[in-house]
A.B. asks: 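The structure that follows is given in the form of structure tokens.
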Amino acid sequence: MGSFDGKAGLVSGAAGGIGRATAIAFAREGAKVVVADIAAMRSQALETVALIEAAGGTAIFVPTDVAQASDAEALVAATVAAFGSLDFAFNNAGVLTTGFTADVEESAFDRIISIDLKGVWLAMKYEILYMKEHGGGAIVNTASEAGLVGTPMAGPYVAAKHAVVGLTKTAAGEYANMGIRINAIAPGAIATPMVLTLPPEAQASLIAPQPLNRFGTPEEVAEAVLFLASDKASFILGTVLSIDGGATSNAQSYDPFTSPTS
Ligand SMILES: NC(=O)c1ccc[n+]([C@@H]2O[C@H](COP(=O)([O-])OP(=O)(O)OC[C@H]3O[C@@H](n4cnc5c(N)ncnc54)[C@H](O)[C@@H]3O)[C@@H](O)[C@H]2O)c1
């Protein structure tokens with residue numbers, strides 16, 4: 001018996017990284033999963049589908065640009081058409097751009113806001129419109145450690161992720177009485193293509209604030225998402241769960257000097 005037997009849902013940004021690991025984990029627990037990602041990531045998304053099917057699960061790929069309202073609406077419709085319901089949604093697609101605040105191009109700022117912020121709002125909009133007519137559901141949004149604290153060289157990303165936290169809390173309160181539970185996760189430095197493609201010194205500075213002085217894995221994030229989307233989290237709503245090796249709970253970077261040796 002899986003904890004998501006008989007349920008269906010969607011995962012955006014599921015061609016790789018956190019989204020892929022979470023889609024696989026939902027399917028392992030019995031859910032039927034829509035793997036959503038941009039059309040340009042088709043082959044990677046189909047790889048996610050193949051990994052799920054090879055493990056005995058059920059998934060389909062639906063090409064989706066989360067920044068487009070028509071795609072967001074069609075994604076919900078496609079999930080319901082394929083699997084009969086939308087019980088959970090993991091709004092996870094995102095992009096990162098780096099640069100000091102005054103150096104960021106306007107086009108880069110707009111792109112981040114349209115994918116990382118508007119994309120989450122559009123997804124929630126159509127998911128909520130469905131769920132409130134069909135007995136509720138669970139939504140998890142991907143914010144970030146950068147949604148809780150400032151992060152040098154990531155101004156627009158930090159702004160978008162802080163806004164995702166605000167949207168999550170507000171929508172969670174609005175739709176609580178309709179059986180819709182909405183929460184967010186705030187990952188720290190996780191070993192995915194998004195960060196593993198950064199220069200080594202940038203990767204090191206991402207890990208530095210974490211008392212657990214290593215990258216987290218996409219699978220560690222997936223377990224937290226499944227928990228929030230499951231009935232085990234039935235009284236948890238509007239929360240932002242940090243999965244960051246302790247980064248945001250400590251004012252001090254990892255330092256062997258401040259850790260006991262025995
Ligand atoms: N990796 C980290 O350290 C880290 C930390 C905190 C938060 N996050 C967040 O986690 C989420 C997943 O990122 P990841 O680390 O797995 O990186 P990733 O780059 O592997 O995955 C992001 C996915 O989103 C997809 N995507 C981008 N734009 C899209 C669009 N317009 N429509 C649909 N899909 C789109 C990409 O194609 C990609 O498959 C992102 O929201 C990211 O901001 C990552």
Side-chain angles (χ1 to χ4, degrees), residues 10-25 34-49 61-72 74-75 78 89-98 108 110-123 140-149 151 154 156-165 167-168 184-198 202-210 212 214-222 224-225 240-245 247-248:
L10 66 88
V11 177
S12 71
I18 292 168
R20 171 180 283 179
T22 309
I24 289 171
V34 168
V35 168
D37 212 295
I38 49 174
M41 294 293 278
R42 171 174 290 276
S43 64
Q44 293 90 333
L46 290 176
E47 222 173 279
T48 304
V49 170
F61 169 49
V62 175
T64 307
D65 179 349
V66 297
Q68 302 298 324
S70 54
D71 280 20
L75 177 60
F90 179 35
N91 302 319
N92 167 73
V95 290
L96 171 68
T97 191
T98 55
D110 288 345
R111 177 165 177 267
I112 290 279
I113 296 299
S114 73
I115 297 172
D116 292 5
L117 171 54
K118 189 178 171 191
V120 172
W121 169 70
L122 282 171
V140 180
N141 298 321
T142 300
S144 170
E145 174 185 341
L148 300 172
V149 294
T151 307
Y157 182 81
V158 168
K161 294 296 189 181
H162 272 71
V164 166
V165 168
L167 262 179
T168 299
I185 55 161
I190 311 298
T192 71
M194 180 176 282
V195 298
L196 296 178
T197 49
L198 295 170
Q203 292 188 32
S205 84
L206 283 176
I207 294 177
Q210 301 181 169
L212 285 179
R214 63 167 173 85
F215 278 117
T217 67
E219 290 74 20
E220 288 175 308
V221 179
V225 177
V240 185
L241 180 57
S242 289
I243 312 156
D244 66 2
T248 48

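Just so you know, ligand 1 is whichever comes first in the structure, and atom 1 is the first atom listed for that ligand. Side chains included, hydrogens not; waters and symmetry mates left out as well; all remaining heavy atoms used. Predicted model, so just to flag it, every value in this text is computed and none were measured. Sequence positions, counted from 1, serve as the residue numbers for this chain.
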A.B. asks: Looking at atom 39 (O) of ligand 1, what's its closest protein heavy atom, distance included?
C.D. replies: Asp37 OD2, 2.7 Å
A.B. asks: To the nearest 0.5 Å, tell me how far Phe215 CZ sits from Leu196 CG.
C.D. replies: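 Interatomic distance, Phe215 CZ to Leu196 CG, rounded to 0.5 Å: 5.5 Å.
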A.B. asks: Is it the case that ligand 1 has an N or O less than 3.5 angstrom from some N or O of Pro187?
C.D. replies: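 It does not: no N or O of Pro187 is found under 3.5 Å from an N or O of ligand 1.
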A.B. asks: Classify the contact between Ala143 and ligand 1 as side chain, backbone, both or neither, using a heavy-atom distance cut-off of under 4.0 Å.
C.D. replies: backbone
A.B. asks: Please report which non-hydrogen protein atom sits nearest to atom 22 (C) of ligand 1, along with the residue it belongs to and the distance in Å to one decimal place.
C.D. replies: Gly94 O, 3.6 Å
A.B. asks: Judged by non-hydrogen atoms, does Phe215 sit under 4.0 Å from ligand 1?
C.D. replies: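 Flag not set, Phe215 not near ligand 1.
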A.B. asks: For Val195, which part has a heavy atom under 4.0 Å from ligand 1: side chain, backbone, both, or neither?
C.D. replies: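 Answer for Val195: side chain.
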A.B. asks: Enumerate the atoms of ligand 1 whose separation from the nearest heavy atom of Ala15 is less than 4.0 angstrom.
C.D. replies: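 Those atoms are 39 (O).
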A.B. asks: Among Thr22, Asp37, Thr142, find the residue that satisfies the side-chain hydrogen bond (donor to acceptor under 3.5 Å, both in side chains) test when tested with Asn92.
C.D. replies: Thr142
A.B. asks: By number and element, which atoms of ligand 1 are closer than 4.0 Å to a non-hydrogen atom of Gly17?
C.D. replies: 16 (O), 20 (O)
A.B. asks: For Ala189, take its heavy atoms, then give the atoms of ligand 1 lying under 4.0 Å from any of them.
C.D. replies: 3 (O)
A.B. asks: Can you name the closest pair of heavy atoms from Ile190 and Thr217 and give their distance?
C.D. replies: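 Closest approach of Ile190 to Thr217, heavy atoms only: CG2-C, 3.6 Å.
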A.B. asks: Return the closest protein heavy atom for atom 33 (C) of ligand 1 as residue, atom name and distance.
C.D. replies: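 Protein heavy atom with the smallest distance to atom 33 (C) of ligand 1: Thr64 O, 3.2 Å.
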A.B. asks: Any non-hydrogen atom of Pro193 lying under 4.0 Å from ligand 1?
C.D. replies: yes
A.B. asks: Is it the side chain (CB and beyond), the backbone, both or neither of Leu96 that lies under 4.0 Å from ligand 1, heavy atoms counted?
C.D. replies: neither
A.B. asks: Locate the shortest heavy-atom distance separating Leu117 from Ala163; write the atom from each residue and the value.
C.D. replies: CD1-CB, 3.5 Å
A.B. asks: Is it the side chain, the backbone, both or neither of Thr192 that has a heavy atom closer than 4.0 Å to ligand 1?
C.D. replies: side chain
A.B. asks: Considering the heavy atoms of Val95, write down every atom of ligand 1 situated less than 4.0 Å from one of them.
C.D. replies: 27 (C), 28 (N)
A.B. asks: Mark up the atoms of ligand 1 that fall under 4.0 Å of a heavy atom belonging to Asn92, in ascending order.
C.D. replies: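 This gives 10 (O), 11 (C), 12 (C), 40 (C), 41 (O) as the contact atoms.
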A.B. asks: Would you say Gly188 has any N or O atom under 3.5 Å from an N or O of ligand 1, going by distance alone?
C.D. replies: yes
A.B. asks: For Asp65, counting its heavy atoms only, list the atoms of ligand 1 lying under 4.0 Å from any of them.
C.D. replies: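 What qualifies from ligand 1 is 30 (C), 31 (N), 32 (N).
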A.B. asks: Do any nitrogen or oxygen atoms of Asp116 come within less than 3.5 Å of a nitrogen or oxygen of ligand 1?
C.D. replies: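 The answer is no, given that Asp116 and ligand 1 share no N or O pair closer than 3.5 Å.
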A.B. asks: Under 4.0 Å between a Lys/Arg side-chain N and an Asp/Glu carboxylate O for Glu145 and Lys161?
C.D. replies: no
A.B. asks: Using side-chain contact (heavy atoms from CB on, under 4.5 Å) as the criterion, point out the one residue from Asp116, Leu96, Ile112, Asp110 that pairs with Pro156.
C.D. replies: Ile112
A.B. asks: Using heavy atoms and a threshold below 4.0 Å, how should the contact between Ala93 and ligand 1 be classified: side chain, backbone, both, or neither?
C.D. replies: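 The part of Ala93 near ligand 1 is both the backbone and the side chain.
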A.B. asks: Please check whether Thr142 reaches ligand 1 - meaning an N/O of the residue sits under 3.5 Å from an N/O of the ligand, judged on distance alone.
C.D. replies: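 Thr142 vs ligand 1: no N/O contact under 3.5 Å.
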A.B. asks: Is Ile115 touching ligand 1 with its side chain, its backbone, both, or neither, if touching means heavy atoms under 4.0 Å apart?
C.D. replies: side chain
A.B. asks: Could you tell me if Asn141 and Thr168 have a donor-acceptor pair between their side chains, going purely by distance under 3.5 Å?
C.D. replies: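 Thr168 vs Asn141: donor-acceptor pair found between side chains.
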A.B. asks: Is Ser12 in contact with ligand 1, taking contact as a heavy-atom separation below 4.0 Å?
C.D. replies: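 It does not; every heavy atom stays at 4.0 Å or beyond.
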A.B. asks: Have a look at ligand 1 and work out which part of Ile38, if any, has a heavy atom under 4.0 Å from it: side chain, backbone, both or neither.
C.D. replies: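 For Ile38, backbone and side-chain atoms both sit under 4.0 Å from ligand 1.
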A.B. asks: If we only consider heavy atoms of Lys161, is any one of them less than 4.0 Å away from an atom in ligand 1?
C.D. replies: yes
A.B. asks: So, does Met41 sit close enough to ligand 1 that a heavy atom of it is under 4.0 Å from the ligand?
C.D. replies: yes
A.B. asks: Taking both backbone and side-chain atoms of Tyr157, is any N or O found less than 3.5 Å from an N or O belonging to ligand 1?
C.D. replies: yes
